[in-house]
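Below is one structure, written out as structure tokens; comments come after it.
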Amino acid sequence: VAAGWTTQEIPDQTGRRALVTGANSGLGRVVAEELARAGAEVILACRDVGSGASAVGDISTRVPGARLETRRLDLADLGSVGEFAERLAGEDRPVDLLINNAGVMAPPRRVTVDGFELQLATNHLGHFALTGLLLGRLAAAPAARVVTVSSVLHKGGRIDFDDLQSTETYSRWRAYGQSKLANLLFAFELDRRTRAAGLRVTSVAAHPGYANTNLQAGSGGAFARLLALANPFFAQSAAAGALPLLCAATSGVVGGSYLGPDGPGERRGRPRLVGASAAAQDRVVAERLWGVSEELTGVTYGLGPEPVR
Ligand SMILES: NC(=O)c1ccc[n+]([C@@H]2O[C@H](COP(=O)([O-])OP(=O)(O)OC[C@H]3O[C@@H](n4cnc5c(N)ncnc54)[C@H](OP(=O)(O)O)[C@@H]3O)[C@@H](O)[C@H]2O)c1
């Protein structure tokens with residue numbers, strides 16, 4: 001990654017079709033705008049289509065001629081994920097870029113219609129199902145890329161296979177850390193599996209550092225509220241936070257790369273390759289999580305693990 005990478009470096013995206021989850025707000029919105037500015041056709045996948053439409057309106061005023069479309073996707077509802085993917089699959093057009101960005105952070109414990117803990121459901125399982133259902137559309141592109149958004153907070157995370165849904169005890173930050181660790185395990189495992197299968201689909205991961213978005217205020221906990229108050233003073237802008245995501249999506253980084261900001265503690269700065277925790281690189285855990293995620297979502301990829309050399 002070139003030092004000081006900015007959106008100026010994004011190559012022409014004309015002819016590419018991108019899909020950004022959670023594109024009505026925060027980082028996803030910036031990513032949608034910059035991809036559209038570079039010429040991509042962008043689908044904004046949002047749980048509230050009204051909010052998606054207003055993002056489309058805003059972006060269109062700044063990027064005249066932008067090719068944008070809002071579609072409804074609730075990642076916390078496998079039925080919605082299935083409907084969304086079915087429509088795309090039926091269109092017989094490839095998807096070149098999938099940005100698995102949407103997320104929730106540290107809400108009080110909630111259970112989704114499918115019976116999953118909300119953060120695991122939204123941040124990991126919904127994206128796992130979505131990517132699996134779109135694999136055919138991705139593989140039909142000349143060189144597809146999947147970017148999954150994680151966080152520095154993955155470092156405190158642990159996959160608790162004995163209580164994945166935090167039924168016995170719920171800690172909102174532990175569940176967030178688990179879901180963000182799951183994002184990385186998934187991103188790396190997907191890359192190994194598509195490579196082993198010879199698919200033209202690379203998978204990479206990125207995190208924004210600490211960026212001023214709706215994430216902190218949206219969660220509702222005391223610490224998150226404090227973070228929201230601190231946002232204007234300590235967080236970088238959403239535009240800066242989106243840079244590692246955009247770099248992961250459009251630069252020449254290889255599959256399995258993980259990008260974040262280059263500043264102290266990876267909290268702010270320009271994109272660079274960053275390290276993932278040892279837990280995020282644990283292939284045994286990644287394979288187990290993959291199997292469990294297939295079981296829970298009912299979405300099977302038909303991709304075996306990479307053979308051990
Ligand atoms: N901001 C940071 O400092 C930071 C740090 C590390 C990682 N991240 C990660 O960055 C990603 C984007 O977050 P952000 O900071 O841009 O926060 P944000 O402004 O709150 O955006 C989150 C987006 O996800 C959407 N979303 C939430 N639940 C959804 C669901 N069930 N189905 C579909 N979409 C859903 C939200 O939709 P609504 O508007 O309808 O709620 C919103 O569009 C997240 O994965 C987050 O974990 C952010």
Side-chain angles (χ1 to χ4, degrees), residues 19-33 43-56 70-81 83-84 99-107 110 112-114 116-127 129-130 147-157 172-173 175-184 186-187 205-220 224 227-228 230-232 234-246 248 258-261 265-268 274:
L19 169 56
V20 184
T21 68
N24 59 294
S25 163
L27 308 171
R29 184 166 167 151
V30 177
V31 169
E33 176 165 338
I43 299 170
L44 292 86
C46 308
R47 61 176 160 177
D48 174 1
V49 280
S51 175
S54 94
V56 165
T70 305
R71 293 192 189 181
R72 185 170 186 281
L73 170 65
D74 183 353
L75 286 155
D77 176 352
L78 289 175
S80 169
V81 176
E83 276 171 33
F84 178 90
I99 316 287
N100 286 329
N101 160 77
V104 287
M105 182 175 79
R110 264 178 253 153
T112 68
V113 286
D114 305 303
F116 306 142
E117 184 277 316
L118 183 68
Q119 299 190 77
L120 189 75
T122 311
N123 301 357
H124 169 63
L125 292 170
H127 284 122
L130 177 69
V147 180
T148 300
V149 180
S150 183
S151 163
V152 278
L153 294 180
H154 85 270
K155 290 185 180 173
R172 48 176 100 204
W173 289 102
Y176 183 68
Q178 172 176 260
S179 74
K180 290 286 126 183
L181 173 60
N183 284 148
L184 274 186
F186 165 66
H207 81 83
Y210 172 25
N212 189 358
T213 66
N214 288 331
L215 191 73
Q216 296 82 9
S219 64
L227 275 179
N231 268 359
F234 299 108
Q236 61 177 352
S237 65
L243 288 177
L245 283 58
L246 284 160
Y258 178 39
L259 282 79
E266 298 172 26
R267 281 188 296 276
R268 57 171 60 237
V274 292

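Not measured: the values here are computed from a predicted model. In listed order, ligands and their atoms are each counted from 1.
- Looking at Asn123, its side chain does come within 3.5 Å of a backbone N or O of Val104 through a donor-acceptor pair.
- The side-chain heavy atoms of Leu153 and Lys180, taken from C-beta on, include no pair separated by under 4.5 Å.
- Looking at every heavy atom in both residues, Pro208 comes nearest to Val149 through CD-CG1, 4.4 Å.
- Ring-plane geometry between Tyr258 and His154 is classed as perpendicular, the angle between the planes exceeding 60 degrees on a 0 to 90 degree scale with a lower cut at 30.
- You'll find the side chain of His127 reaches within 4.5 Å of the side chain of Leu75, heavy atoms only.
- For ligand 1, residues of the protein lying within 4.0 angstrom by heavy-atom distance are Gly22, Asn24, Ser25, Gly26, Leu27, Arg47, Leu73, Asp74, Leu75, Ala76, Asn101, Ala102, Gly103, Val104, Thr122, Val149, Ser150, Ser151, Tyr176, Lys180, Pro208, Gly209, Tyr210, Ala211, Thr213, Asn214, Leu215, Gln216.
- Val31 pairs with exactly one of Asn101, Leu245, Val147 by the side-chain contact (heavy atoms from CB on, under 4.5 Å) rule, that one being Leu245.
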